[in-house]
Amino acid sequence: MMKGKGSFSGIVLLGIGLFFLAQQMKVTYVAPYLTWPTFLIIIGLAFLVQSGGGKDGASSFSAILLLGLGIHFHAIHHIDSWPNQPATIILIIGLAFLYMYKQTKEGLLAGIVLIAIAAWNFFNKSQTPSITEWFSSVEGFWPFVLIAVGAYFVFIKKK
């Protein structure tokens, strides 16, 4: 594994260089993947290497989030059965929190809550309102809740 401060920049430059080389050479089997989600994957891989395989919590969270989003945005165009709904992105964010928790012991509750919300939205087919409907009904209120919870974690809850 690469070490040092230049590994993040090196991987990003290497990945972008390979991206444009494949584009210039018109490599047919990768041509469908030469789109913007590939940049998310490249940067996610760079964060994963920078995190030392997951030892740096912030980098590992960013790595899983960007990798997950890059894969998701590719998959919705290439896999017919891939779920294209907000719950998929909520699930990816929840998984990133759980991966970060594995390394730093922070983010477990957020990860579990987000995964539960995503699972409920994926599998709930009853007459109860979906997450999207619920958020739209409290549209003017939920940003304040997010700000309050975020402020609590940043300013009040200290280790």
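The analysis underlying the following values was restricted to heavy atoms, covering all of them including side chains, and did not include hydrogens, waters or symmetry mates.
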Does the side chain to side chain contact (heavy atoms under 4.5 Å, CB included) test come out yes or no for L67 and L40, once each step is laid out?
-> CA-CA 6 Å; L67 281 169; L40 295 178; over 6 Å; no

Is T88 reaching over with its side chain to a backbone N or O of P83, donor-acceptor style, under 3.5 angstrom?
-> yes

Could you state the interatomic distance from CG (L109) to CG (L114), rounded to the nearest 0.5 Å?
-> 9.0 Å

Less than 3.5 Å apart, which donor and acceptor atoms pair up between the side chains of residues 11-29 and the rest of the protein, not counting sequence neighbours?
none

Hphob cluster co-occupancy, L66 + Y33, side-chain heavy atoms under 4.5 angstrom = no

Can you give me every donor-acceptor pair (side chain of residues 69-76, partner residue at least two apart or in another chain, under 3.5 Å) with its distance?
from : atom 1 : to  : atom 2 : distance (Å)
H72  : ND1    : W82 : NE1    : 2.8
H74  : NE2    : T38 : N      : 3.4
H74  : NE2    : T38 : OG1    : 2.8

Hphob cluster co-occupancy, I89 + L65, side-chain heavy atoms under 4.5 angstrom = yes

Could you tell me the separation between the CD1 atom of I64 and the CD atom of Q103, rounded to the nearest 0.5 Å?
-> 9.0 Å

Drop me the distance from F97's CZ to I92's CD1, to the nearest 0.5 angstrom.
-> 14.0 Å

Heavy atoms of E106 and M100 approach each other most closely as O-CE, 3.4 Å

Given Y99 and F61, is the ring-ring contact (aromatic ring centres under 6.0 Å, His included) satisfied, shown in steps?
-> CA-CA 7 Å; Y99 188 76; F61 177 86; 10.0 Å; no

Which heavy-atom pair separates S51 from S60 by the least distance, and what is that distance?
-> CB-N, 3.7 Å

Report yes if the side chains of L91 and F122 come closer than 4.5 Å at any heavy-atom pair, otherwise no.
-> yes

Distance from L98 atom CG to I115 atom CD1, nearest 0.5 Å?
-> 4.0 Å

What is the distance from atom CG of L108 to atom NZ of K102, rounded to the nearest 0.5 Å?
-> 14.0 Å

S62 (side chain) donor-acceptor with S59 (main chain) under 3.5 angstrom | no

